[in-house]
S.K.: 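Provided herewith is a single structure, encoded as structure tokens, for subsequent inquiry.
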Amino acid sequence: MVESDQASKSKKKCDVKDDRVPNGCGSKEIELTAFPSRKDAEKGGSDKADFEGAIVQTGYGKFHYLLLTVCGFVSTSEEMDVISMSFILPSAQCDLNLNTQTKGWLNSIIFIGMMAGAYVWGSVADSLGRKKVLIAISFMNALCIVASSFTQSYEVFMLFRFLNGAALGGSGPVIWSYFAEFQPKSKRGSMLSFMAAFWTLGNLFVAGLAWLIIPSGIGYYGEHFIYNSWRIFLLICAIPSFLVAIFLFFLPESPKFLLSCGKTEEALEIFRKIYQINTGNDKSMYPVKHLIYEEKVVSDVEPKKSGKYLNMLTDIIDNSKQLFMNPILRFTIISITINFTFHIGYYGLMMWFPELFNRFDEFSREHPGQSASVCEVTKYVVSSGSQQSGGECSDKIESAVFLESLITVAAAIPSNIVAVIGMDRLGRKFFLVFSTFTSGICAASMYFVYNKLHNLVVSAVFSSVISCGNAALDCLITEIFPTNLRATGVAISMVAARLGGIIGNIVIATLLDLYCPAPTFIVAALLIGGGLLCLFLPNTTREPLS
């Protein structure tokens, strides 16, 4: 949320423009001489409203819950695709000839793809619109998952995981921008938190599927082609992406985005349809007849005559420049830093929990009733167990490992409920600081774990508190950027998040075997330090979207 006079002036580059501009919402071509001003609305007529007034007049009902369901399942499918690798690694280590380092790179390659995709897709969404981009992303994502399930080599599998990540990279920034731009300020925090809970649903669905499918041993085993249980598990994980791509066809474009592009009639028609769905009344009864933009903007710049794609490229470059100019620069830097440190902890530990559960299980089979720390267990597995160099590979995974992972992700359900109820009451910053501080303590506590039960308890608490922090972070980052820069701003923040995921996985994979105590304390310091930075961001709780 940028609310200063300086911020208002900065929006003159791209907040609204006339429909005559051929490429939607450009960064520089702004022409708005026919829109009614706020003063006009004050003088005359209840039939005039700005975005906040217009969305409130539609009521809150069936449409918004349908939107939540579809957008939520976009988040579900994204999280399923990211976290599924953590369940595949122990089972695929023989098929793909994996060691700890190659497992770390397999965990990380999707984030490398997401870094590449986040900025590109987010920028395109600020130029062409949210809906088209989301449909393209969902189809590309599903096809890459299906293709990766058929691959037989580590290198080809890495390639499809990278392409999968390139598609997923745009999903986060675009879906959060899209969903937020249909919400009135009084409900935005709770509904964004509700959507964040679908991440937990994705984690639960993946853990449950892994528990049911991977240990079963089902599949086809040929001389030159294998399609075993973990590949079937991966194939099933592609289904939600196909479904949400179809469902998105039936949803409208973001009216906030259309209004920021000067397409008031299109935006007004969408408000009428939302009103009709929510109230059951005829569209003609919608009380708002004219939409008011936040300010009257006049530009001396003529619409460019160049082609559509050249205009889009210019828009992308200009939007990116604006994010690194005052007054938005401070918010951009802080959001990048918080996302980077938060996701080092989130993905750095969450994606390694199934591997840690498996290592504890392997140790306890050979040393029944004996206690050992995470570092002692790791030392055994690397030097004498399944990870030893030159040893016989074993991909046998007990179902208890998947059950423990399911319990860990299920622990996030209560915290998600608390976040939904309290996000608009206690605020984004409260949840983010509480989450990062508590999860940092949990990360440090991993060093003092001495058996499977301790490991399960600490992992469950970490999963619970980090989940509500994730919801708060998504809300805050989505709200601090203005509409014309929102998807690009969130995308750049997501690039930092994916970089955090890469470093978290590679560092943990390397240090876990070489110098075990380091990863937990590094993650703890980064989580706590990064979370405190949110105190330097403006309060966006119950405030209108800028």
Side-chain angles (χ1 to χ4, degrees), residues 72-93 103 106-107 110 145 148-149 161 164 168 195-219 228-241 243 343 345-362 395-417 439 442 446 452-468 470-471 501 504-505 508:
F73 276 109
V74 173
S75 289
T76 296
S77 63
E78 178 189 354
E79 180 67 359
M80 285 177 63
D81 298 337
V82 173
I83 213 74
S84 62
M85 187 51 59
S86 64
F87 296 98
I88 290 171
L89 290 179
S91 305
Q93 61 186 10
K103 285 179 180 180
L106 258 184
N107 264 345
I110 193 168
I145 299 170
S148 68
S149 73
R161 287 296 287 177
N164 184 199
L168 284 177
M195 196 174 85
F198 280 81
W199 277 61
T200 301
L201 181 62
N203 285 331
L204 282 170
F205 193 38
V206 165
L209 276 177
W211 182 33
L212 292 172
I213 297 173
I214 294 179
S216 70
I218 60 174
N228 47 8
S229 58
W230 69 262
R231 289 182 166 92
I232 293 171
F233 161 73
L234 197 59
L235 182 67
I236 294 174
C237 286
I239 294 174
S241 294
L243 293 177
H343 287 87
Y346 181 78
Y347 286 119
L349 285 183
M350 285 294 290
M351 292 190 73
W352 281 94
F353 281 150
E355 177 73 11
L356 290 176
F357 288 139
N358 189 46
R359 291 185 177 191
F360 265 103
D361 190 73
E362 182 178 340
D395 59 1
K396 179 176 174 56
I397 312 297
E398 298 294 333
S399 61
V401 171
F402 297 103
L403 178 59
E404 288 163 350
S405 299
L406 181 61
I407 293 171
T408 298
V409 297
I413 294 175
S415 60
N416 274 286
I417 294 172
S439 59
C442 287
M446 292 295 293
K452 288 176 66 176
L453 178 61
H454 292 169
N455 189 42
L456 179 59
V457 170
V458 173
S459 302
V461 175
F462 180 89
S463 172
S464 178
V465 294
I466 202 78
S467 179
C468 65
N470 190 47
N505 275 291
I508 285 181

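Heavy atoms only: backbone and side chains are in, while hydrogens, waters and symmetry mates are out. Along the sequence shown, the residues carry numbers beginning at 1.
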S.K.: Look up atom OG in Ser148 and atom CD1 in Ile88, then write down how far apart they are to the nearest 0.5 Å.
M.R.: 7.0 Å
S.K.: Roughly how far, to the nearest 0.5 Å, is CE of Met195 from CG of Asn416?
M.R.: 12.5 Å
S.K.: If you round to the nearest 0.5 Å, how far is CG of Asn455 from CZ of Phe360?
M.R.: 4.5 Å
S.K.: Suppose we screen for side-chain contact (heavy atoms from CB on, under 4.5 Å). Which residues come up paired with Ser463, at least two apart in sequence or across chains?
M.R.: Met350, Thr408, Ala412
S.K.: Between CG of Leu168 and OG of Ser77, what distance do you get to the nearest 0.5 Å?
M.R.: 7.5 Å
S.K.: Drop me the distance from Ser439's OG to Ile466's CD1, to the nearest 0.5 angstrom.
M.R.: 3.5 Å
S.K.: Nearest heavy-atom pair of Ser84 and Leu234: which atoms, and what distance?
M.R.: OG-CD1, 4.0 Å
S.K.: Give, for atom CG of Leu453 and atom CD of Glu404, the distance between the pair rounded to the nearest 0.5 Å.
M.R.: 9.5 Å
S.K.: Measure from the side-chain N and O atoms of Ser415 to the backbone N and O of Val465, and report whether any donor-acceptor pair falls under 3.5 Å.
M.R.: no
S.K.: Applying side-chain contact (heavy atoms from CB on, under 4.5 Å), name anything that partners Val458, two or more places apart in sequence or on another chain.
M.R.: Cys442, Ser445, Met446, Val449
S.K.: Does Ile213 have any side-chain contact (heavy atoms from CB on, under 4.5 Å) partners at least two apart in sequence or in another chain, and if so, which?
M.R.: Leu209, Ile218, Ser229, Ile232, Phe233, Ile236
S.K.: Testing Val206, Ile145, Leu204 one by one against Met80 for a side chain to side chain contact (heavy atoms under 4.5 Å, CB included), which residue passes?
M.R.: Val206
S.K.: For Phe73 and Phe198, which heavy atoms make the closest approach, and how far apart are they?
M.R.: N-CD2, 3.9 Å
S.K.: How far apart are the C-alpha atoms of Arg161 and Asn164, what are their side-chain angles, what is the distance that settles it, and do they pass the side chain to side chain contact (heavy atoms under 4.5 Å, CB included) test?
M.R.: CA-CA 5 Å; Arg161 287 296 287 177; Asn164 184 199; 3.4 Å; yes
